Structures are given as C-alpha cells and as structure tokens.
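Working notes, structure below.
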Amino acid sequence: MAASRGRLAALAERAGHDSPLALARAHSVYAAFAVLIVIDLLFTPGFRNVFVIRNLLFAAAPVILVTLGQSLTIGTRGIDLSVGSAMGLAAAVMALALAGGAWLAVAAGVGAGLAVGLINGGLVAALDINPLISSLALLVAARGTAEALLDGSRVSLPEGGLFDVLGIGAVSVIPIVAIIAVIVAGLVAVMVRTTVFGRSLLFIGANKAAAILTGIKVRRTLLLVYAASGLLAGLAGVFAAARLGASDPNYIGVNYELDAIAASVIGGTPLSGGRVSILGGVAGVLLLQVLGASFIMNDINFSYAQILKALFIVAALYLQRAGG
C-alpha cells in the first residue's frame, strides 16, 4: 500500500512538471525572447547589423552580472536593492585608485562592491535585519559615498590597456565583457547545482527554519550570498565605467537593481525563494535589452517599453504563483 502511494505521488509530481502551465512557466522567457528576435529580424530596420548585436551585448554584460547576484539573494527569499549603488561606488573607488595602475584600480573597484555586499550580508545574517531594509539603506549610503568621493563629478579613465579591453575589446563581434559574464554565469550555475553552498542557499529559501534544524550554517551562507552579490556588482561597475570611458557616480548603476530583479523574476527565479534559474536570468536580461533596443530603433517612445517590461514581470509572477 505504501509503495502504491509512493508511485502515485511520483506520478502526480511528474504530471505537475509536465503540465502545460509548468511548461509555460519553465520556458516562457525563452519563447518570448525567440518571438521578439523573429519580429525584430522581420520588421526592425538595421537589427541584423552586427554592430547592433555587439552594442546590445556590451550593454547586457554588467546587467547579467548583477542579475546573477540578485538571483542568488532572491533564491534565499531575500533581495538586494544595493547592487546599482554598489556599481557606482565601485566605479568611484576605481577612479581614485588609478594612480596605482589599471589592474589595481579594477581590483579596488571590485573590492568596493565586495565591501558593500559584506556589510549588507552582515546586517542580514548577524543582525537579522530584513534584506529589503538593509539593502535599501545601502542603496542610499553607497550612492552617497560614491558621489562624495568624487565630489559628484565625472572622472575620465585613461585610454588604452585594460580599460580598452573591457570597454571596447571584442572577439569578432562578441565583446570580451560579454564572454566574461557568460563564463561567470556558467560558474554560478554549476555552483548552485552541484555544491553544498548552492544547495544550502536553496534550502534556506525554501524553508529557513528547517535549514537551521538540519544544521546548515544559515548565517554564514547568507553572508556569502550577499558578499557574492556585492562582488558581482563591483565587477559590473568596472565594466560599465570602462564602457563609458569614465567613472560617473551620478550615472553608473542607476536603476540596475530594478533591471536585475525584473530579469531574475522573468527568468524563473521566484520571489518566494527556494529556486534559482541562472540560464533563465541571462535570457531575461537579453530579452529586456532587446526589448528596449527594439523600441528605440523603431522610434517608439521608450516609456512603452517600460510598460511592457512591467507586464512581463506580472505575467512571470502569475505563472510562478499559479504553478505553486
């Protein structure tokens, strides 16, 4: 009898995974991306130009990085609103460290992002502060610190060398920063799927109380998750500054936290935690980047793209909720 119940439960679970709603939830971002690409190839003038693809990938690379970190925090049923400001702070610190050379400046920028992540993680893990509150506070504090460090002014980065590699370097039409972002995404995906740390963060998101009872080091895991989010945001800030050719604390990283949350949710990482879709998050970034470019290239008010982005988010949340 018990064996029969077990087989029935397994069949019910398999049927749930194979249901039309489950399939729509799992593949909606890829289907939407494919449809958008086909529409652009048919109706958007100039979309087939390789330089358009190149510029889209340059713009997507830093968003992919912050989306990776955001997906990890959401997987623990948290959130990180500080990633955009961490990007701005990383760019500002990098500008201040230019006297030590490009490599030191880049390391300092990434380190600044890591510091923001560690502070955020400490507030969440050690003091049990709601991540929405802690990261909101750091959103304001990191941006204010970045502006104070550079007196609110833009600092140009030196031409040539490492900054040119990150800002304009490409292999054929594929930007080097996009290649780096994809490699990092692959490493994060492997980490989530195969390591104890990855399984632990998913367990925490699914049921934090149960994770504590099973002996998972919840505080350490949360600290590392937010540290990783900050580090990735720092690297994204370096990429964005290199592409801009300057450190601008008033511009770099603005609203990136919203794009990262949108891409994560659209890509299949539920706000309820317990699951992370890295490939889906990358697809979500590309979908939103192509969507914005489509409106601009067709001379349509970009505000409509923002409205459509909101509809994508609502649809993704509905599919996630309906799927249970």
Side-chain angles (χ1 to χ4, degrees), residues 55-74 79-95 97 102-103 105-121 135 138-139 142-143 145-146 157 162-163 165-169 174-189 225-264 267 269 278 281-286 288-289 292:
N55 288 332
L56 281 172
L57 293 175
F58 265 118
V63 187
I64 288 173
L65 292 175
V66 294
T67 299
L68 295 176
Q70 193 70 257
S71 296
L72 295 179
T73 62
I74 293 175
I79 202 161
D80 190 354
L81 299 179
S82 69
V83 289
S85 296
M87 288 177 63
L89 180 60
V93 170
M94 183 174 69
W103 284 100
V106 167
V110 175
L114 175 61
V116 173
L118 286 171
I119 294 172
N120 197 10
S135 61
L138 282 167
L139 179 153
R143 181 68 64 185
T145 303
L157 300 179
L162 180 60
F163 293 120
V165 171
L166 298 177
I168 60 175
I174 309 299
I176 290 175
V177 290
I179 295 172
I180 295 172
V182 169
I183 291 173
V184 174
L187 293 174
V188 173
V225 164
Y226 284 92
S229 181
L231 185 147
L232 290 167
L235 184 58
V238 169
F239 285 4
R243 181 61 177 165
L244 183 64
S247 173
D248 188 342
N250 301 302
Y251 172 77
I252 291 176
V254 172
N255 292 331
Y256 270 60
E257 61 278 353
L258 304 180
D259 288 339
I261 294 169
S264 297
T269 298
I278 297 300
V282 173
V285 172
L286 296 176
L288 296 179
Q289 291 292 321

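Note that the coordinates shown come from a computational prediction; the quantities given were computed from them, not determined experimentally.
Using a 4.5 Å heavy-atom threshold, the side chains of Ser229 and Val83 count as touching. Considering only heavy atoms from C-beta on, Thr67 stays 4.5 Å or farther from Val282 through its side chain. At a threshold of 4.5 Å between non-hydrogen side-chain atoms, the residues Met94 and Leu157 count as touching. Proximity of Leu231 to Val110: side-chain heavy atoms (C-beta onward) are separated by under 4.5 Å at one or more points. Contact of the Arg243 side chain with the Ile168 side chain is registered, since non-hydrogen atoms from C-beta on lie closer than 4.5 Å. The shortest side-chain heavy-atom distance between Leu57 and Gln289 does not fall under the 4.5 Å cut-off. In this structure, the side chains of Leu139 and Glu257 come closer than 4.5 Å at one or more pairs of heavy atoms.
Residues Ala91 and Ile252 share a closest heavy-atom pair of CB-CD1, 3.7 Å. A pairwise comparison of heavy atoms in Ala97 and Ala108 identifies CB-CB, 3.8 Å as the closest pair. Closest approach of Ala95 and Ser247 over heavy atoms only: CB-CB, 3.7 Å.
For the atom pair Tyr226 OH and Leu72 CG, the distance stands at 10.5 Å (nearest 0.5 Å). Rounded to the nearest 0.5 Å, atoms CZ (Phe239) and CD1 (Ile64) are 10.5 Å apart.
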Q.
Using the rule given for side-chain contact (heavy atoms from CB on, under 4.5 Å), can you reason through Ile79 versus Gln70, listing the C-alpha separation, both sets of side-chain angles and the distance that settles it, and then say yes or no?
A. CA-CA 7 Å; Ile79 202 161; Gln70 193 70 257; 3.6 Å; yes
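Counting only distance, with no hydrogens or angles, the side chain of Ser85 and the backbone of Ser82 share no donor-acceptor pair below 3.5 Å.
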